[in-house]
K.L.:
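Quick one: the structure is below, questions incoming.
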Amino acid sequence: MNTLTTALTAVLPLAGGWSAHVLWLRRRLHTARRDPLTGLHTRDGFTHRAADLLRKERAVVLLADVDDFKQINDRYGHAAGDALLKASADRLAHYVGASGVAGRLGGDEFAAVVLDPHGTAEDLFAALHAVLARPADPAHPELRTTVSLGWVRAADFPGEDLSQLLGRADEAMYAAKQARAGVKRAGLGRLFATMAGRSAGRRGARTDTTATGTAA
């Protein structure tokens, strides 16, 4: 009995120390998967959660890009630009809700995956576009811009992974930005790439997208 007691006395501090270490590691991992400015998932954290959601029915992929963000920074300063990004992220997270996931992919670009069991994604994103166009701070109504949205239903392109679906949503978003249409859905049928002047490393906008909103 004394031997058992002695062994437990020696092991328990080690177990307690290991538990604390595991907890610390989990906190570090959680922090690493959260963007420090917006609190949204980083690309890695978003990808992990989004891949799980895409296995479910009625998954929808959304890409959002702030319009004229450089001009906001140049005119009002980086603090104002950060405030705009934070407000946009908060509003996106609210609309996505706990059943979906939203992430900041970098710069002024955001992504989300939501489940749309009732087929109301079009109405949801039209409302989201209007909300995103509101001033970041009511005390500074000049600090505002629109956000272009592109989206795609995963079921429309069976077999495509998150990266491919994000590419389609990205092209729809860019088409919305060029047309100042607010929101566009990636179209069905044969898709044609255009020489639309995408920045280096990004694909051209597809032409078979349908508008679902208007720019504010």
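The basis for the numbers below is simple: all heavy atoms, side chains too, and nothing from hydrogens, waters or symmetry mates. Note that the structure is a prediction, hence the values are computed from the model and not measured.
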K.L.:
Are Leu115 and Val60 packed together at the side-chain level, in the sense that at least one heavy-atom pair is separated by less than 4.5 angstrom?
P.N.:
no
K.L.:
Is Arg55 close to Asp52 at the side-chain level, that is, under 4.5 Å between some pair of heavy atoms?
P.N.:
yes
K.L.:
Please assess Ser148 against Asp65 for the test side-chain hydrogen bond (donor to acceptor under 3.5 Å, both in side chains), listing each intermediate value before the final yes or no.
P.N.:
CA-CA 5 Å; Ser148 295; Asp65 191 84; over 6 Å; no
K.L.:
Restricting to non-hydrogen atoms, name the atom on Ser99 and the atom on Leu53 that form the minimum distance, rounded to 0.1 Å.
P.N.:
O-CD2, 3.6 Å
K.L.:
Would you give the length of the straight line joining atom CZ of Phe46 to atom CZ of Arg43, rounded to the nearest 0.5 angstrom?
P.N.:
9.0 Å
K.L.:
Which heavy-atom pair separates Ala133 from Thr146 by the least distance, and what is that distance?
P.N.:
CB-CG2, 4.3 Å
K.L.:
Starting at CG of Asp74, measure out to NE2 of His78 and round the result to the nearest 0.5 Å.
P.N.:
7.5 Å
K.L.:
Would you call Lys86 and Asp90 a salt bridge, using N to O less than 4.0 angstrom?
P.N.:
yes
K.L.:
Kindly determine whether Glu109 and Met173 satisfy side-chain contact (heavy atoms from CB on, under 4.5 Å), including the steps that lead there.
P.N.:
CA-CA 11 Å; Glu109 188 172 71; Met173 179 277 297; 4.2 Å; yes
K.L.:
Would you name the heavy atoms of Leu166 and Val61 that are closest together and state the gap between them?
P.N.:
CD2-CG1, 3.6 Å
K.L.:
Is a donor on one side and an acceptor on the other found under 3.5 Å between the side chain of Asp35 and the backbone of Thr38?
P.N.:
yes
K.L.:
Apply salt bridge (Lys or Arg N to Asp or Glu O under 4.0 Å) to Arg91 and list each qualifying residue two or more places apart in sequence or on a separate chain.
P.N.:
none
K.L.:
Using the side-chain contact (heavy atoms from CB on, under 4.5 Å) rule, take Val114 and Leu62 through it: C-alpha gap first, then chi angles, then the decisive distance, then the call.
P.N.:
CA-CA 8 Å; Val114 298; Leu62 171 74; over 6 Å; no
K.L.:
If you measure from the Lys or Arg side-chain nitrogens to the Asp or Glu carboxylate oxygens, is any gap between Asp108 and Lys70 under 4.0 Å?
P.N.:
no
K.L.:
Can we say Arg153 and Asp116 salt-bridge, meaning some charged N sits less than 4.0 Å from an Asp/Glu carboxylate O?
P.N.:
yes
K.L.:
Just do the side-chain contact (heavy atoms from CB on, under 4.5 Å) check on Arg185 and Phe125 with the steps written out, would you?
P.N.:
CA-CA 10 Å; Arg185 175 184 177 181; Phe125 295 146; over 6 Å; no
K.L.:
Rounded to the nearest 0.5 Å, how far does CG of Leu63 lie from CZ of Arg168?
P.N.:
14.0 Å
K.L.:
Would you give the length of the straight line joining atom CG of Leu105 to atom CG of Asp170, rounded to the nearest 0.5 angstrom?
P.N.:
9.5 Å
K.L.:
Looking at every heavy atom in both Pro141 and Pro138, which two are closest together, and how far apart are they?
P.N.:
CD-O, 3.7 Å
K.L.:
How far does OG1 of Thr145 sit from CZ of Phe69, to the nearest 0.5 angstrom?
P.N.:
10.0 Å
K.L.:
Do Leu132 and Ser88 have side chains that get closer than 4.5 Å, going by heavy atoms?
P.N.:
yes
K.L.:
Assess whether side-chain contact (heavy atoms from CB on, under 4.5 Å) is satisfied between Leu85 and Phe110, documenting all intermediate values.
P.N.:
CA-CA 10 Å; Leu85 291 177; Phe110 304 94; 4.0 Å; yes
K.L.:
Counting C-beta onward and ignoring hydrogens, is there a side-chain heavy-atom pair between Tyr76 and Glu142 closer than 4.5 Å?
P.N.:
yes
K.L.:
To the closest 0.5 Å, what do you measure between CZ (Arg104) and CG (Leu40)?
P.N.:
8.5 Å
K.L.:
Please find the pair of heavy atoms, one from Ala186 and one from Ala172, that lie closest to each other, and give the distance.
P.N.:
N-CB, 3.8 Å
K.L.:
Any idea which heavy atoms bring Leu54 and Ala154 closest together, and the distance?
P.N.:
CD2-CB, 4.0 Å
